[in-house]
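Remarks on the structure that follows.
Fair warning: this is a prediction, and the values are worked out from it, not measured in the lab. Just so it is clear: chains get the letters A, B, ... in the order the sequence lines come, proteins before strands, and each one is counted from 1.
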Amino acid sequence: MENILDQLNTAQRQAVEYCTGPSLVIAGAGSGKTRVLTYKIAYLLEQGLPPYYILALTFTNKAAREMKSRIAELVGEKKAKKLWMGTFHHIFSRILRGNAERIGYDSNFTIFDSSDSKNLIRIIIKEMKLDDKQYRPGSIQGQISRAKNSLITPGMYAQNKELIEYDQMAKHPLLFEIYRTYQNRLHAANCMDFDDLLMQTNILFRDNEDILENYRNQFQYILVDEYQDTNFSQHLIVKQLADKHHRICVVGDDAQSIYSFRGANIDNILKFKSNYPEAKIFKLEQNYRSTQNIVNAANSLIKKNSEQIFKDVYSNNEEGDKIDVISAFSDFEEGLIVSNKIARLRIEEHASFSDIAILYRTNTQSRIFEESLRKNNIPYQIYGGLSFYQRKEIKDVISYFRLIVNPGDEEAFRRIINYPTRGIGDTTVNKIGLAATENRVSLWEVTSNPEAFKLNINSGTAKKLNAFYTMMSNFMEQNKLVNAYELAQLVIKESGISKEAYDDMTPEGMSRAQNIQELLNALNEFVTTRIETGDQDISLIDFLSEVSLLTDQDTENEETKEKVTLMTVHSAKGLEFEHVFVVGMEEDLFPSAMAKNELRGLEEERRLFYVAITRAKKTCTVSYAKSRFKNGQLNSCRESQFLNDIDIAFLNIDEKTLSNISNTQNTDGFWKSMERQSKITPAQTRSKYSPPKQLTNISRIQTSNSSAQLPDEAKQLKEGNIIEHERFGRGKVISIEQDGNNKRAFVEFESAGRKQLLLKFAKFNIVE
DNA sequence: TAACACTTGTTTTTT
DNA sequence: ACAAGTGTTA
């Protein structure tokens, strides 16, 4: 332990060693925040505090996982495993499941993701016969979410004059009614949305002093990462748990608070001291990540914000290059310039592609860089877009699981009642829905006994409905007997999903089939690893409660080697790269047009830019385009005001690029040829076929060489080929056999041993 | 009821 | 430019 503390600087060490009271660690970008957290936990363990007395809360599963493995390195796997460490949602869903009946839920409640919520809200708006132009499901959902995160229950909402007045002004006076109905429906269905996991925890603690007391006693020390991003609901949970012993350490950086749109309240960190007057404040100000120029540039930018905790972030690293500012004629040219510069970095600086990141404000901007990188044969990976569990086919299968576990789950029911199509259409579902509302029972209960609810359906429909009921009942019975993997196989087969999915020979269909296969693999892995570690929780509910809280942020980066990273600035928080490109620095894009109305919004955008710049270790390049396609239309743009916020002393404005472009009088021809090219290449890249994603990487990585995984590639496979498989790695093809309609390859893998691959589905590249 | 064409909105970020 | 939602037709 002595030598562990020796690895810290004075400020870090002080923050680690102070454990007797509340502390706030203000951690500047790149100042070793995670290091302090992990060492502090290791230190607590070394001091003799048992791991299950420690509660450590993070925002992403990834952060929790990484911290856990680092702690395991310091104190051993056994102790690390017993820590209560995870995301807010994860930890408190676990606590809720254990105490659900105390707040009127069943412990097998299922979790709505945001699209489930939105669907339900849409249905309610329709049922109330409201105009969905005035009551836009998306914005209603946002407001309900904000209310929940502020711990305003439907009852409180209806009583709150200010909110009601606001809603009247905003021309949706019945929002409180929608909120009430929504919450009733969720409850009746025994479902919780993301916000419920926090709000219901607060309700649980509020109404059950004994439970709160229990956890207060258990969690002897509480740590919270990214405290600047907590909302009121999270803040209150933490505060209540720490209220007695005050042994709490929160870590964060007010300058990196970028989630207010989700209810995060920067005041939580700014006012920590008033909650705990005796709190000690530690400031980590030495940046170990970036060059002096980058740190200084970022400092000069963030100084333009009004409210912040004073800190003096500095770097003792080399001075480094100034930040390059590049102006491009069009978004297309911006892509070209950036990928050319990346190619040069590789050749001249011997940079690895994996050391390079392109960061943008919105996900849509990724496309143009995909094209230009592809043209330059630069491998890349995109984080963003649809996550594995959001894919339609996966959500459909998961919905079966959800309904089996929790027959009340309305969304799950609606998704699968006619999937695969079994002749039960909207008309019938609406009738069921009506009967359910009238009789205050679930859709499932109506289905179980249509006559009892006087369902007006013909005998054919009744028969189909009964077949569905019988099938699902059988699954529910089996669920008591077999593990998650076995049940999933049964479900896929009996429901007709496998027939539907595997018979579809279109590329899209095959991609779907493979995704379903990946889900099965994941289930298999889930069950086997749990059995190996002696964990008996291997039924469907255990799997569900784990995957419902996974997000695309939780990607395990096994495949990061030699690929340029493309992601939004938001998802880049906490990461670092040698070379960073911040692109699309244009007014109304970054800062976003929506955020500009309020000062708070603009300042948050500025912090977002601050986060972007401070990801860079060695070089940072910012670029903007003078014109850009937006919603299919060409718009002209001007450079972001944020560029003027950075002290010019730290910038290197690329005169050559500027003059080149302004001197190009024949830009028309230049432009048109660009446009033509941009229309040819994407045709292939934008086909509806999306390559199946690998579940083990939790999915949302799209790789540039994915087109090589089309079946055509598989057809060329010969005996003796060396292939690179996404899961099994490198291996040699021993033989290829025709098996009915399918071709199989037997492959000897270097590390994974001998496997047979179904060529129709296998994901690999031929190496030689 | 299902498949298809048409219309509409969406675009800030995501646990 | 695209996807999702809606309406029309068979």
Side-chain angles (χ1 to χ4, degrees), chain A residues 57-64 86-93 111-115 117-119 122 126 132-133 136-139 141-142 145 148-149 193-198 225-226 229-231 233-234 257-264 331 359-368 383-387 390 392 418-429 458 460-461 464 548-554 567-573 584 588-596 601 604-605 607-609 611-612 628-634 678-679 682-683 686-688 690 700:
Chain A
L57 297 165
T58 64
F59 272 79
T60 63
N61 293 304
K62 188 183 169 197
T87 63
F88 274 92
H89 293 83
H90 186 228
I91 296 285
F92 295 112
S93 71
I111 297 171
F112 267 33
D113 68 20
S114 10
S115 74
S117 300
K118 201 166 159 188
N119 281 340
R122 185 178 290 123
K126 215 174 248 175
D132 64 0
K133 298 238 161 47
R136 308 261 285 291
S139 75
Q141 181 188 21
S145 172
K148 284 185 163 186
N149 286 325
D193 64 15
F194 286 139
D195 305 319
D196 271 333
L197 295 175
L198 306 171
D225 191 14
E226 308 278 16
D229 288 332
T230 50
N231 59 39
S233 190
Q234 291 164 322
S257 158
I258 54 175
Y259 281 108
S260 78
F261 68 93
R262 230 174 50 202
D331 49 356
L359 309 180
Y360 35 76
R361 183 63 180 76
T362 64
N363 274 308
T364 43
Q365 290 167 260
S366 70
R367 268 241 324 266
I368 209 125
Y383 294 75
L386 218 51
S387 90
Q390 306 268 317
K392 185 189 172 302
N418 200 30
Y419 171 81
T421 50
R422 48 175 71 88
I424 304 172
D426 289 347
T427 333
T428 312
V429 175
N458 62 40
T461 311
K464 290 168 191 162
S548 340
L549 296 173
L550 288 183
T551 72
D552 24 85
Q553 283 300 287
D554 303 317
M567 57 169 59
T568 62
V569 181
H570 278 91
S571 31
K573 195 171 82 162
D588 292 342
L589 179 61
F590 200 167
S592 138
M594 302 204 177
K596 274 177 37 178
E604 176 149 320
E605 294 284 308
R607 291 193 294 269
L608 192 57
F609 188 32
V611 168
R628 177 178 298 278
F629 270 104
K630 208 173 160 189
N631 292 358
Q633 274 195 320
L634 186 63
S678 76
K679 272 179 186 146
R686 278 187 226 158
S687 94
K688 292 238 172 70
S690 61
R700 71 192 309 207

Atom pairs under 3.5 Å: protein N/O with N/O of nucleotides 5-10 of chain C:
{"from": "C/dG5", "atom 1": "OP1", "to": "A/R122", "atom 2": "NH1", "distance (Å)": "2.8"}
{"from": "C/dG5", "atom 1": "OP1", "to": "A/R122", "atom 2": "NH2", "distance (Å)": "3.4"}

Expressed as a whole number of angstroms, how long is the span from A/K392:NZ to C/dA3:C1'? 14 Å

Can you tell whether the side chains of A/K596 and A/D588 come within less than 4.0 Å, N to carboxylate O? yes

CG (A/D331) and CZ (A/R367) are apart, to the nearest 0.5 Å, by 10.0 Å

In whole angstrom, what separates A/I111's CD1 from B/dT15's P? 14 Å

Closest non-hydrogen atoms of A/T568 and A/T362, given as atom of the first, atom of the second and distance, are CG2-C, 4.2 Å

Show each protein N/O and nucleotides 1-4 of chain B N/O combination with a separation under 3.5 Å, one pair to a line.
{"from": "B/dT1", "atom 1": "OP1", "to": "A/G425", "atom 2": "N", "distance (Å)": "2.8"}
{"from": "B/dT1", "atom 1": "OP1", "to": "A/T428", "atom 2": "OG1", "distance (Å)": "3.3"}
{"from": "B/dT1", "atom 1": "OP2", "to": "A/T427", "atom 2": "OG1", "distance (Å)": "2.5"}
{"from": "B/dA2", "atom 1": "OP2", "to": "A/N418", "atom 2": "ND2", "distance (Å)": "3.1"}

Hey, does A/E604 reach any base, or is it just sugar-phosphate, or nothing, if we go heavy atoms under 4.0 Å? nothing

Would you compute the distance between atom OH of A/Y360 and atom OG of A/S571 and round it to the nearest 0.5 angstrom? 7.0 Å

Interatomic distance, CD@A/Q234 vs CD@A/E226, rounded to 0.5 Å, equals 11.5 Å

If you compare every side-chain N and O of A/T568 against the phosphate oxygens of B/dT14 (OP1, OP2), does one of them come in below 4.0 Å? yes

In terms of side-chain geometry, is the basic nitrogen of A/D193 or A/K148 positioned less than 4.0 Å from the acidic oxygen of its partner? yes

Does the separation of the ring centres of A/H570 and A/Y383 fall below 6.0 angstrom? no

Would you mind telling me which of C/dC2, B/dT13, B/dT11 lies closest to the side-chain atoms of A/M594? B/dT11

Between the base of B/dT15 and the ring of A/F194 - centre-to-centre under 5.5 Å, planes within under 30° - is that a stack? no

Rounding to a whole Å, what distance do you find between A/Q390:CD and B/dT14:C1'? 10 Å

Whole angstrom is fine here: how far is it from CD1 in A/I258 over to C1' in B/dT14? 10 Å

Using Watson-Crick or G-U wobble geometry with both distances below 3.5 Å, tell me the partner of B/dT11, or none. none

Is the NZ or CZ atom of A/K392 positioned over A/Y419's six-membered ring, under 6.0 angstrom from the centre and within 45° of the axis? yes

Value for CG (A/D196) from OG (A/S93), rounded to nearest 0.5 Å, stands at 12.0 Å

Are there any protein N/O atoms within less than 3.5 Å of an N/O atom in nucleotides 5-10 of chain B, and if so, which ones and at what distance?
{"from": "B/dT10", "atom 1": "OP1", "to": "A/R136", "atom 2": "NE", "distance (Å)": "3.1"}
{"from": "B/dT10", "atom 1": "OP1", "to": "A/R136", "atom 2": "NH2", "distance (Å)": "3.3"}
{"from": "B/dT10", "atom 1": "OP2", "to": "A/R136", "atom 2": "NH2", "distance (Å)": "2.5"}

Separation between NE2 of A/H90 and OG1 of A/T58, rounded to the nearest 0.5 Å: 10.0 Å

Spacing between A/R262 atom CZ and B/dT14 atom P, to the nearest angstrom: 9 Å

From CG of A/D196 across to P of B/dT15 the rounded distance in Å is 18 Å

Which atom pair, heavy atoms only, marks the closest approach of A/F92 to A/L198? CD1-CD2, 4.5 Å

What I'd like to find out is whether the side chain of A/V611 reaches to under 4.5 Å of the side chain of A/R607, using heavy atoms alone. no

Can you tell me the distance, in whole Å, between the CG atom of A/D229 and the C1' atom of B/dT15? 10 Å

Spacing between A/M567 atom CE and B/dT14 atom P, to the nearest angstrom: 10 Å

